[in-house]
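Worth knowing before you read on, the calculation uses all heavy atoms, side chains too, and leaves out hydrogens, waters and symmetry mates.
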Amino acid sequence: MTDHDVAQDPDERRLSTREAADRLGVKPETVYAYVSRGQLTSRREPGGRSSTFDPKEVDALARRGGRREPSGAGSELAVRTGITLIDRDHCYFRGVDTSELAAHHSYEEVAEWLWTGEMRRGIRFTAPHDALTAARRAVDALPAHTGPMDRLQVAVIAAAAADPLRFDLSERAVLDTARTLIPTLVAALPRRAAGRPPTQAGAGEAGAGEAGAGRAGDELGAGGRRAAELGAADKPAPELGAEDGPLAPRLWSRLTSEPADPPSLRVLDAALVLLIDHDLAASTLAVRVAASARAHPYAIVSAGFGALDGALHGAASGLAHRMLLEVLDRGSAAAVVADHLRAGRRVPGLGHPLYPGEDPRARALFALLEDVPRARPALQAARDVITTTARHKEWHANVDLALAVLTVATGMPAEAGETIFAVARTAGWIAHALEEYDEPPLRMRPSGQYSGPRPPQPLP
């Protein structure tokens, strides 16, 4: 029943608890939980023994995402969003296939379009001086062995501290923050020094030499078109990481000391696009909870980083990376796959709960990796893993396996896939925060089901 239908009802009949529960798709006890949190108002009719509810209020709660859909394990919070749809082994951003977006637009262009609805060709994100200085100083103070996720988490906090206007949650202010925070995070990571193993790059490399590269100006964007821009990055540093050029070359110089080539940079840029969002993953839900409490954009990104740092979320590509290295070292996928299965572990990089078949993000990246000559050994190793496992399990490649092919082929460390994931997903978190800021505050509060001892209990 729509609001229009309710308005036509001359008696304005109120709903019973069961009717309200049916409209919301929840159990009757959940309706009373909404009442206790102030999301619904109940009333007892004269002479009645049970609560009744205003149909308009119930419908409004359902529209703004208060609905909980039944699931096998009780009930599950459902949030209405216009950002990502996953359907029939395809992923769409605002109705557009993500693989098509990755094939025709850069990360910055897709992020801007996702936030504003406007596709701005050639847009560049630039880090402001104060935020970048604060982030680099904070990151430089960390121990040399600190991993990239720790550096990103410190960088976002330092950038927030340098922004006295961070509490302005107007759309314009949030967008300004987003356009500057992402490049700040990338520029705060240390460069990978040429001629040294990637794992030995020290935090101090983000200092004066990198600042000089930022002052050198944009050496990458003169052509104006995506292929030419990324191709121009096949130059020695500092031009490769010019701080006002395309984001993919800037990130490349933080992930590997190997030289960039246009096909590899296209894969990296496509990976950034494809990983921008993926419905309500754990980190995105954390972001929406923070935004519901009206946390500022830096804080919501910190919430996302916290959830992403879990072993079952952002770090999955690192497991696939190590597996591919072992396959290449042993010359066969069979023994490596057998080791994982013997230990009771899933084979890394295979299977995804949202896709019965192949992850479309993996499919798009594998196609681009075909054009990267140095990726052929890692790509073949990945195919061997898929073929070997397919004899026993209906598991298909997911995006973590495709990321692992890229990171192995280009001399990146195992944690590079997580870094790519974190930088890319920051844009999606901002998009979700913008949606959540338009919703009633503090709506993201599930009700707990107390299972402790019944009160009153004696004083301990």
For the CD1 atom of I420 and the CD atom of E415, what is their distance to the nearest 0.5 Å?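 The distance works out to 11.0 Å.
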Is the NZ or CZ atom of R346 both under 6.0 Å from the centre of the six-membered ring of W395 and within 45° of that ring's axis? yes
Nearest non-hydrogen partners of [X] and [Y], listed with the distance:
X: F366; Y: A402; value: CE2-CA, 3.7 Å
X: P259; Y: R374; value: O-NH2, 3.0 Å
X: M149; Y: A422; value: SD-CB, 3.7 Å
X: D279; Y: H432; value: O-NE2, 4.2 Å
X: L24; Y: V58; value: CD2-O, 3.7 Å
X: S317; Y: D400; value: N-OD1, 3.7 Å

Among side-chain atoms of [X] and [Y], is any donor-acceptor pair under 3.5 angstrom?
X: D97; Y: H90; answer: yes
X: H278; Y: T84; answer: no
X: D261; Y: S264; answer: yes
X: T81; Y: E435; answer: yes

Who passes side-chain contact (heavy atoms from CB on, under 4.5 Å) against A159, sequence neighbours left out? A131, L181, T184, Y298
Pair E108 + R120: basic N to acidic O under 4.0 Å: no
With a 4.0 Å cut-off, would you call E326 and R322 a salt bridge?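 The answer is no: the pair does not qualify as a salt bridge.
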The single option from L142, L185, T419 that satisfies side-chain contact (heavy atoms from CB on, under 4.5 Å) with R151 is L142
Within a reach of under 6.0 Å around CZ of R137, are more than 12 heavy atoms found that belong to other residues, nucleotides or ligands? no
Within 6.0 Å of CZ in R345, more than 12 heavy atoms from elsewhere: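 Yes - once you tally the heavy atoms of other residues, nucleotides and ligands closer than 6.0 Å, there are more than 12.
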Would you indicate whether the side-chain heavy atoms of M444 and E436 approach each other to under 4.5 Å?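 Side chain of E436 against side chain of M444, heavy atoms only: contact under 4.5 Å found.
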Are the side chains of L175 and L434 in contact, using a 4.5 Å heavy-atom criterion? yes
Kindly indicate, with the supporting measurements, whether the criterion side-chain hydrogen bond (donor to acceptor under 3.5 Å, both in side chains) is fulfilled by D168 and H296. CA-CA 7 Å; D168 182 353; H296 56 72; over 6 Å; no
